Amino acid sequence: MQIGHNRRMTGAQCLADMFKGYGVTHIFHVPAVLRTTFAEMERRTDIKRLHVHGEKAAAYMADGYARASGKPGICMAQVIGALNLAAGLRDAWLAHSPVIAMTGGREPKTKFRKVYQEIDDMPAFEPVTKFNATVDDVARFPDMVRQAFRVATTGTPGPVHLQFRGNEGQIDAEEADMEPLTESLFARVPAFRPAPDEASLRAALDMMSRAARPVIVAGGGVRASGAAAELVALAEALQIPVATSLNGKDSIPGNHPLSVGVVGTYSRESANRIVNAADLVCFIGTETGGMTTHFWAVPKIGAPAIQIDIDPQALGRNYPLAAAVNGDAKVALGRMAALADGATAQKRAPWVAEAQKFCADWRSKYQAALESDAVPIRPERLCHELTRHVPDDALVVVDTGHAGMWMGGMFDLRSPRQSYMRSAGHLGWAFPAGLGAKCACPERPVVVFTGDAGFWYHIAEIETAARWGINAVIVVNNNGGGNQSKRGFDRVYGGQQTAKARELWTFSKVNFARIAEDMDALGLRVEQAAAFPAALAQALAANRPAVIDVVTDIEALAPTAVA
Ligand SMILES: Cc1ncc(C[n+]2csc(CCOP(=O)(O)OP(=O)(O)O)c2C)c(N)n1
Ligand SMILES: [Mg+2]
């Protein structure tokens with residue numbers, strides 16, 4: 001595309017200038033790809049070029065960076081690492097995170113001739129990207145990079161892949177007449193805030209105002225839109241209890257009187273009970289997927305429902321809707337809060353009281369576990385200590401599996417200034433993603449919660465964190481195995497697994513604190529729950545990355561979802 005201010009430059013100079021123009025601060029990569037561009041970055045920008053230990057970790061770091069900042073996260077790999085990078089994009093895809101992946105690719109002159117390390121990587125990126133494209137001519141750098149940012153940040157955000165010609169993307173050394181124009185509009189999510197059609201919005205609001213027992217289910221779209229304040233304002237104005245998906249957990253603090261917890265499979269019992277007792281479910285910025293709805297049992301399909309989403313294709317996908325609103329969550333909720341008739345709130349007082357009773361019942365059921373002094377430590381107690389002691393402006397980054405269950409159900413945010421991000425399915429995501437989040441928000445405390453199986457995946461990145469001074473705090477719920485699998489193996493063994501079956505899900509007992517120290521991070525080991533707050537405080541103040549190895553009970557199982 002000719003814009004009129006072209007000048008002769010290399011692709012590398014153009015790309016480096018464009019990264020700078022988009023406000024990119026960090027790039028996560030395994031060498032060697034776009035080498036000339038990296039050299040130009042050093043000459044032309046202050047961008048930090050983080051050389052990490054694996055492409056999947058690079059993708060997770062970029063994802064964590066993106067979810068923490070709203071700015072696209074950039075990760076890179078040469079041709080042989082491309083599928084590792086693609087594997088890492090899956091979580092960004094599932095969580096709608098704007099990650100831009102760049103890889104080396106094939107030369108038309110030599111493809112199909114068995115070039116060392118080369119296969120066709122493009123199909124692997126297809127299911128995990130919104131836009132998956134090749135850059136074959138250096139003159140296309142400007143428009144293709146702009147398109148990458150545009151696609152990543154608009155509509156429902158998501159990952160993008162650009163493959164640059166040459167196994168290591170050597171096309172970047174070629175010259176063309178180009179302008180490194182960037183569009184600040186697409187430098188972060190959300191690029192646009194489409195306002196909903198007023199009639200649809202009023203119809204939805206009318207249903208909420210008339211309902212006697214409504215509940216809101218807020219999802220990751222609320223956090224992507226930055227709509228937490230508007231959500232809480234609407235819920236307060238109309239007195240509607242709020243459940244969240246795991247992705248939406250930070251859209252309302254857990255100590256808010258209308259917060260009822262995370263709903264779905266990795267959930268809190270009170271939230272599932274309230275959603276199933278409601279006479280109207282208001283889905284906002286959620287896919288209404290299997291995890292959030294406990295495979296469409298919470299609520300049951302056919303429950304009266306309304307939905308607000310930026311993606312029109314999400315509206316009604318799983319639940320027939322009485323009202324559908326297409327638009328940005330912040331705009332929609334802000335407008336609804338402004339129009340809301342607070343006089344209707346009074347009639348929902350009994351329902352709010354009932355919802356609060358469900359929450360109180362949950363709390364008394366788990367009080368003993370939340371405050372347990374047991375040794376080895378109960379995970380419930382660990383979550384409770386985090387609720388009490390994670391700083392007011394912390395970013396909490398949580399792995400999946402049991403980590404997702406424990407923290408989704410047992411941990412509460414105390415402040416609207418705290419953030420929560422979670423693996424959308426991949427074990428091992430949280431540690432690298434937490435490092436990426438810390439790169440994006442260096443001034444905020446970042447606390448990662450992971451199991452030991454999750455931590456093992458990318459343990460080498462402790463060295464990256466220490467080398468780059470990425471001072472996140474990693475809390476490892478270390479039970480010496482992947483004990484979420486225990487239940488499933490008991491089941492297939494007909495009730496109780498054999499002793500030998502434990503080889504399917506246990507590891508050697510390892511002290512991660514010692515490993516951390518060997519890599520120049522702070523390592524602390526906690527064997528008594530009462531010692532955790534002091535360890536957390538020491539880790540947060542350490543001025544280097546810290547691993548807190550918490551020795552927990554391998555027999556402890558998180559409660560399963562109620563329907
Ligand atoms: C990439 C990937 N592979 C496998 C799984 C399945 N999985 C879920 S939880 C889990 C074990 C988790 O172990 P750990 O992190 O130690 O937590 P724990 O259950 O012991 O608390 C496994 C293997 C997954 N979620 N992601
Ligand atoms: Mg474990």
Side-chain angles (χ1 to χ4, degrees), residues 54-60 63 83-95 124 127-128 246-247 264-267 289-291 369 372 374 376-384 386 397-411 421-434 448-459 461 474-492 497 501-513 515 525-527 547-561:
E55 293 84 1
K56 185 149 60 73
Y60 290 166
D63 184 2
L83 294 200
N84 298 349
L85 201 67
L89 287 189
R90 185 176 174 136
D91 217 82
W93 170 258
L94 294 170
V128 292
L246 286 167
N247 266 349
T265 305
Y266 293 177
S267 60
M291 173 59 78
S372 166
I377 296 168
R378 290 290 308 188
E380 297 91 330
R381 172 75 189 269
L382 176 56
C383 295
H384 190 55
L386 288 167
V397 184
V398 179
D399 217 42
T400 192
H402 243 156
M405 294 177 86
W406 289 125
M407 287 291 277
M410 303 288 167
F411 169 78
M421 303 171 6
R422 49 68 73 149
S423 163
H426 284 90
L427 197 64
W429 174 89
F431 171 43
V448 171
F449 183 98
T450 175
D452 51 318
F455 192 46
W456 276 120
Y457 270 86
H458 306 104
I459 195 162
E461 306 302 343
I474 319 305
V475 177
V476 186
N477 172 30
N478 184 7
N479 52 17
N483 86 331
Q484 191 187 30
S485 302
K486 181 174 186 285
R487 262 195 198 107
F489 285 118
D490 279 341
R491 193 171 56 240
V492 296
Q497 63 190 281
R502 287 172 91 97
E503 72 192 22
L504 296 167
W505 55 273
T506 56
F507 300 127
S508 310
K509 287 195 163 47
V510 163
N511 181 338
F512 292 110
I515 295 176
R525 188 158 163 101
V526 173
E527 293 174 338
V547 173
I548 309 180
D549 182 276
V550 184
V551 183
T552 58
D553 184 357
I554 195 159
E555 305 304 327
L557 297 178
T560 52

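Atoms within each ligand, like the ligands themselves, are counted from 1 in listed order. Residues take their numbers from the sequence shown, with the count starting at 1. These numbers come from a predicted model, not from an experiment.
Looking only at side-chain heavy atoms (C-beta outward), Met421 and Trp429 come within less than 4.5 Å of each other. Taking the side chain as every heavy atom from C-beta outward, Asp399 and Leu427 approach each other to under 4.5 Å.
Shown are Tyr457, Phe455, Phe449; of these, the side-chain contact (heavy atoms from CB on, under 4.5 Å) with Phe431 is made only by Phe455. Of the residues Asp452, Val476, Asp549, Ile515, the one that meets the side-chain contact (heavy atoms from CB on, under 4.5 Å) test with Val510 is Ile515.
Partners of Arg502 according to the side-chain contact (heavy atoms from CB on, under 4.5 Å) rule, which considers only residues two or more places apart in sequence or in another chain, are Lys486, Gln497, Trp505, Thr506, Ile554, Glu555. Every residue meeting the side-chain contact (heavy atoms from CB on, under 4.5 Å) condition with Ala424, not counting sequence neighbours, appears here in chain and number order: Asp91, Leu94, Ala95, Arg422.
Between the side chain of Arg525 and the backbone N or O of Ala513, no donor-acceptor pair lies under 3.5 Å.
The Mg ion (ligand 2) has Asp452 OD1, Asn479 OD1, Gly481 O as its protein N, O or S neighbours under 2.8 Å.
Heavy-atom minimum distance, Lys56 versus Gly88: CG-CA, 3.9 Å.
Pocket lining of ligand 1, defined as residues with a non-hydrogen atom under 4.0 Å away: Thr400, Gly401, His402, Gly425, His426, Leu427, Gly451, Asp452, Ala453, Gly454, Tyr457, Asn477, Asn479, Gly481, Gly482, Asn483, Gln484.
Within the model, atoms OH of Tyr60 and CD of Glu461 stand 12.0 Å from one another, a figure rounded to the nearest 0.5 Å.
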